[in-house]
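Presented below is the structure to which this report refers.
Position 1 is the first residue of the sequence, and the numbers go up from there.
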Amino acid sequence: MIFPLPRFAAVATAAIFLALPVAATAGAANTTGTFTGASDHITTGGVTIVKTAGGGAVVILDENFSLDGAPDPRVGFGTDGVYADASDLGELTQKEGLQVYIVPASVNVDDFNEVYIWCKKFAVPLGVAALN
């Protein structure tokens with residue numbers, strides 16, 4: 001599920017998701033990364049993966065997120081430079097700013113070490129954030 005929200009509502013929504021109880025691994029830090037552009041696109045800003053109670057997770061594109069534009073941009077995961085089609089979280093809702101994407105139960109965030117902004121139309125990365 002994707003939450004396309006005006007800027008003020010996106011900030012409130014992100015705050016709510018960040019307040020959710022973390023997974024059973026108490027004390028575990030959120031996973032973060034910073035986007036680098038790809039395929040001649042400019043993609044910048046941070047991303048945070050927050051694990052929630054019950055094994056769920058959300059992907060938060062930080063307030064400083066920006067994409068210069070492209071057709072059919074999607075948010076998803078990959079590993080070691082390879083995008084995983086099955087990890088598609090849906091269409092990028094806006095080119096700039098804070099956004100929250102719920103990771104479906106079928107996607108295990110621990111299986112990936114990158115977050116992608118992916119162009120589905122041309123099957124190329126628009127931006128990649130290595131997770132740490």
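For the pair Leu98 and Ile60, the minimum side-chain heavy-atom distance is below 4.5 Å. Annotation: side chain of Leu89 is in contact with side chain of Pro104 (closest heavy-atom distance under 4.5 Å). Asp62 has its side chain out of reach of Val47: every pair of non-hydrogen atoms, C-beta onward, lies at least 4.5 Å apart.
Closest approach of Gly33 and Ala129 over heavy atoms only: C-CB, 4.2 Å. The minimum heavy-atom distance linking Pro71 with Cys119 is given by the pair O-SG, 3.1 Å. Shortest non-hydrogen contact noted between Ser87 and Val107 is CA-CG2, 4.0 Å.
Ring geometry for Trp118 versus Tyr83: interplanar angle under 30°, hence parallel rather than tilted (30 to 60°).
Remark: side-chain polar atoms of His41 are not paired, donor with acceptor, to backbone N or O of Leu67 under 3.5 angstrom. A side-chain donor-acceptor contact under 3.5 Å links Ser39 to the backbone of Pro125. At least one donor-acceptor pair closer than 3.5 Å links the side chain of Gln99 to the backbone N or O of Gly97. Side-chain atoms of Asp68 come within 3.5 Å of backbone N or O of Ile42 as a donor-acceptor pair.
One finds the CG atom of Leu131 at 11.5 Å from the CG atom of Asn30 (value rounded to the nearest 0.5 Å). Of the inter-residue distances, the one linking Tyr101 atom OH with Asp88 atom CG reads 10.5 Å to the nearest 0.5 angstrom. Rounded to the nearest 0.5 angstrom, Lys120 NZ and Arg74 CZ are separated by 5.0 Å.
When only modelled atom types and interatomic distance are considered, Thr32 and Asn132 share a side-chain donor-acceptor pair under 3.5 Å.
With sequence neighbours excluded, no residue forms a side chain to side chain donor-acceptor pair (under 3.5 Å) with Thr44.
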- Task: Could you go through the side-chain contact (heavy atoms from CB on, under 4.5 Å) check for Thr43 and Thr36 one step at a time?
- Result: CA-CA 6 Å; Thr43 308; Thr36 301; over 6 Å; no
- Report the C-alpha distance between Val59 and Val100 in whole Å, list the side-chain angles of each, state the deciding distance to 0.1 Å, and finish with yes or no for side-chain contact (heavy atoms from CB on, under 4.5 Å). CA-CA 6 Å; Val59 173; Val100 178; over 6 Å; no
- Message: One pair to check against side-chain contact (heavy atoms from CB on, under 4.5 Å): Leu92 and Phe65. What are the steps and the verdict?
- Response: CA-CA 11 Å; Leu92 185 72; Phe65 172 79; 4.0 Å; yes
- Val75 vs Ile117, side-chain contact (heavy atoms from CB on, under 4.5 Å): CA-CA, chis, key distance, verdict: CA-CA 5 Å; Val75 179; Ile117 305 300; 4.0 Å; yes
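Taking the six-membered ring for Trp, Phe77 and Tyr116 have ring centres at least 6.0 Å apart.
In summary, of the residues considered (Val128, Asn64, Leu61), a side chain to side chain contact (heavy atoms under 4.5 Å, CB included) with Phe35 occurs for Leu61 alone.
Residue pairs satisfying the salt bridge (Lys or Arg N to Asp or Glu O under 4.0 Å) criterion with at least one member in residues 94-118, sequence neighbours excluded, are listed as follows: Lys51-Asp110.
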